[in-house]
Amino acid sequence: MSRVCVVGGGIIGLLSALELQAAGLEVTLLERTLPGRESSWAGGGILSPLYPWRYPEAVTPLAAWSQMRYPDLAETLRESTDVDPEWTRSGLLVLDPDEFEPGLAWAAAQGRRAEVVGEDDLRRLEPRLAHEGEALWMPDLAQIRNPRLVKALVHHLQGRVRFLDNTPVQGFEAPGGRLRALLTPAGRLACERAVICAGAWSGGLLSTLGRPPLIEPVRGQMLLFRSAPCEQRRIVLDGGRYLIPRRDGRVLAGSTMERVGFDKATTRVAAEALKAFAVGRFPHLEAVEMERHWSGLRPGSANGVPYIGPVPGVEGLFIDTGQFRNGVVLAPASARLVADLMLGRPPILDPAAYAVDAPRP
Ligand SMILES: Cc1cc2nc3c(=O)[nH]c(=O)nc-3n(C[C@H](O)[C@H](O)[C@H](O)COP(=O)(O)OP(=O)(O)OC[C@H]3O[C@@H](n4cnc5c(N)ncnc54)[C@H](O)[C@@H]3O)c2cc1C
């Protein structure tokens, strides 16, 4: 059986391992700490780019492919692990009036459902929302409970993939430009094919090869309210911030965009701003317990177009990272695409726009 290594156990690494294992390869996943504890845990799980019309064209096909794959993936994981990732078609309400026109045009071009709803319909869709005026309603957009998704993936892959936890990859052995081994504190691991899925830390790994980092960490803070089921049913997006209702009533308020290096501290300023945003849209949240406040580091890339493909100059080494604000929604397609490229299969999508050296708009 052919062997391959995956570096990093976030959603991108876990799904890449799943794809490569499903193709019959013997997969070893090396994780610096424990899988599924970083951005893929910290994120919101909205299965769409926020304001998708603002992104370069290359992001949309990855999102569309993943959106089709998610219901089956969630069901397979639920059946095989008893952890339900809670794929839920919540629908999404956009409150910013300036976004209605571009949103409608984008939806028409993509064949998606979207309509501008008036106050009566809005009351019916989301009775407790405090909003005067219309909203853009996108009924098909879904969410997934990402901490459960990564937990289910880890359970599903146990026994199928070899996990090397607490094993940071520190560099590569690639004499003559051909990958031979990964270097870890425990020694060298012989390996002729590997994919870097190290999220915000991928840039550091690339710099060990003398390549400039392509990825910068972008911190996002999140607040969790312990609300009751059905107080809010739709994802609400307004002014770049959002509120996501989970099935058990918990509501996530996010998020910030901060370039502060690898600092994962949370700040009182952000907590106050997120709370004010949440209470402004749903006044009942004022009296609801704030259960948790955390942050995560997104793998930031130019315009959110990920890097998926071979690392130039090192035969056998690939990269799949830089999904930035959209790593959960882009993960299934990103993982399938990198597996296609590693295995020499016809790719699900034209990979040109995601190549490491492709010009970024
Ligand atoms: C607040 C917030 C909200 C978000 N909301 C959404 C959303 O609603 N929808 C959406 O689609 N996306 C969202 N995102 C973005 C999404 O979470 C990320 O794009 C995605 O999780 C990135 O996945 P990843 O696997 O690349 O990175 P990570 O989950 O960070 O995983 C990378 C892994 O690599 C490991 N690693 C690092 N270096 C090494 C090494 N040298 N050796 C071995 N292992 C290593 C790390 O320990 C980590 O486990 C959000 C992110 C944040 C922070």
Side-chain angles (χ1 to χ4, degrees), residues 5-17 28-50 52 59 62-63 66-67 70 92 141-147 149-150 153-154 163-172 182-185 189 194-208 215 217-224 235 237 241-242 244 252-258 262 264 266 270 274 293-301 304 306-308 319-332 334-335:
C5 289
V6 174
V7 181
I11 179 76
I12 304 292
L14 291 167
L15 279 173
S16 299
T28 301
L29 189 151
L30 298 95
E31 164 54 49
R32 192 178 54 121
T33 58
L34 293 172
R37 299 284 174 97
E38 293 291 350
S39 191
S40 302
W41 180 93
I46 300 174
L47 294 181
S48 169
L50 301 179
V59 171
L62 286 173
S66 298
Q67 285 160 341
Y70 256 117
L92 180 137
L141 291 194
Q143 60 159 302
I144 198 141
R145 197 151 176 175
N146 42 300
L149 172 66
V150 285
L153 274 167
V154 172
F163 281 92
L164 293 181
D165 293 345
N166 301 307
T167 309
V169 172
Q170 295 168 314
F172 306 91
L182 306 182
L183 306 176
T184 79
L189 181 73
V195 54
I196 302 173
C197 310
W201 296 265
S202 303
L205 270 178
L206 282 177
S207 63
T208 67
I215 308 296
V218 181
R219 183 169 76 185
Q221 299 190 45
M222 217 48 143
L223 275 190
L224 182 67
I235 303 165
L237 177 60
R241 297 221 155 127
Y242 50 79
I244 310 170
L252 285 160
S255 61
T256 59
M257 289 273 282
E258 302 165 86
F262 288 94
K264 282 206 300 177
T266 53
L274 291 172
H293 176 201
W294 67 80
S295 81
L297 299 175
R298 308 176 183 91
S301 55
Y307 297 93
I308 306 172
I319 189 165
D320 190 353
T321 192
Q323 282 78 6
F324 201 7
R325 302 196 79 175
N326 303 311
V328 181
V329 60
L330 302 186
S334 302

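Counting convention: from 1, in listed order, for ligands and their atoms alike.
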Would you mind checking which non-hydrogen protein atom is closest to [atom], with the distance to 0.1 Å?
| atom | answer |
| --- | --- |
| atom 15 (C) of ligand 1 | F324 O, 3.2 Å |
| atom 31 (O) of ligand 1 | G10 CA, 3.3 Å |
| atom 44 (N) of ligand 1 | R32 N, 3.0 Å |
| atom 20 (C) of ligand 1 | G327 CA, 3.7 Å |
| atom 18 (C) of ligand 1 | S39 OG, 3.4 Å |
| atom 34 (O) of ligand 1 | G8 CA, 3.3 Å |
| atom 49 (O) of ligand 1 | E31 OE1, 2.7 Å |
| atom 14 (N) of ligand 1 | R325 O, 3.5 Å |

Quick check on contacts: which atoms of ligand 1 are under 4.0 angstrom from a heavy atom of [X]?
| X | answer |
| --- | --- |
| V7 | 42 (N), 43 (C) |
| G220 | 1 (C) |
| G43 | 2 (C), 3 (C), 4 (C), 5 (N), 50 (C), 51 (C), 52 (C) |
| V329 | 10 (C), 11 (O) |
| G44 | 3 (C), 4 (C), 5 (N), 6 (C), 7 (C), 8 (O) |
| C197 | 32 (C), 34 (O) |
| I46 | 7 (C), 8 (O), 9 (N), 10 (C), 11 (O) |
| N326 | 10 (C), 11 (O), 12 (N) |

Got a second to check how far [X]'s [atom1] is from [Y]'s [atom2], nearest 0.5 Å?
| X | Y | atom1 | atom2 | answer |
| --- | --- | --- | --- | --- |
| R32 | D165 | CZ | CG | 12.0 Å |
| L50 | S255 | CG | OG | 7.5 Å |
| S48 | Q143 | OG | CD | 12.5 Å |
| S39 | F324 | OG | CZ | 10.5 Å |
| R298 | N326 | CZ | CG | 9.5 Å |

Determine whether any heavy atom of [X] lies closer than 4.0 Å to an atom of ligand 1.
| X | value |
| --- | --- |
| A200 | no |
| G254 | no |
| W41 | no |

Side chain, backbone, both or neither: the part of [X] lying under 4.0 Å from ligand 1 by heavy atom:
| X | answer |
| --- | --- |
| L205 | side chain |
| A198 | both |
| W294 | neither |

| Distance-only donor-acceptor check, side chains T33 and E31, under 3.5 Å |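 Yes, side-chain donor-acceptor contact under 3.5 Å.
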
| message | Going by side chain to side chain contact (heavy atoms under 4.5 Å, CB included), V169 matches just one of I196, L189, L30. Which one? | response |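 It is L30, the one option of I196, L189, L30 that forms the side chain to side chain contact (heavy atoms under 4.5 Å, CB included) with V169.
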
| request: Kindly determine whether T208 and Q170 satisfy side chain to side chain contact (heavy atoms under 4.5 Å, CB included), including the steps that lead there. | output: CA-CA 8 Å; T208 67; Q170 295 168 314; over 6 Å; no

Ligand 1 to [X] polar contact by distance, N or O atoms, under 3.5 Å:
| X | result |
| --- | --- |
| I12 | yes |
| G45 | yes |
| S40 | yes |
| P35 | no |
| V169 | yes |
| R37 | no |
| G296 | no |

If you define the side chain from C-beta out and look only at heavy atoms, does anything of [X] sit under 4.5 Å from [Y]?
| X | Y | answer |
| --- | --- | --- |
| I308 | L62 | yes |
| V329 | P49 | yes |
| I319 | V195 | no |
| L149 | Y70 | yes |
| L182 | F172 | yes |

| task | Test side chain to side chain contact (heavy atoms under 4.5 Å, CB included) on L92 and Y242 and set out the steps. | result | CA-CA 10 Å; L92 180 137; Y242 50 79; over 6 Å; no

| Where the side chain of N146 meets the backbone of S40, is there a donor-acceptor pair that is under 3.5 Å apart? |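 At least one qualifying donor-acceptor pair exists.
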
| field | Worked check of side chain to side chain contact (heavy atoms under 4.5 Å, CB included) between I144 and V328 | value | CA-CA 9 Å; I144 198 141; V328 181; 3.8 Å; yes

| Quick one: which of R298, R219, Q323, Q221 has a heavy atom closest to atom 51 (C) of ligand 1? |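 Going through R298, R219, Q323, Q221 one by one, R298 has the nearest heavy atom to atom 51 (C) of ligand 1.
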
| request: Decide side chain to side chain contact (heavy atoms under 4.5 Å, CB included) for I46 and L141; before the verdict, give the C-alpha distance in whole Å, the side-chain angles of both, and the deciding distance to 0.1 Å. | output: CA-CA 8 Å; I46 300 174; L141 291 194; 5.8 Å; no

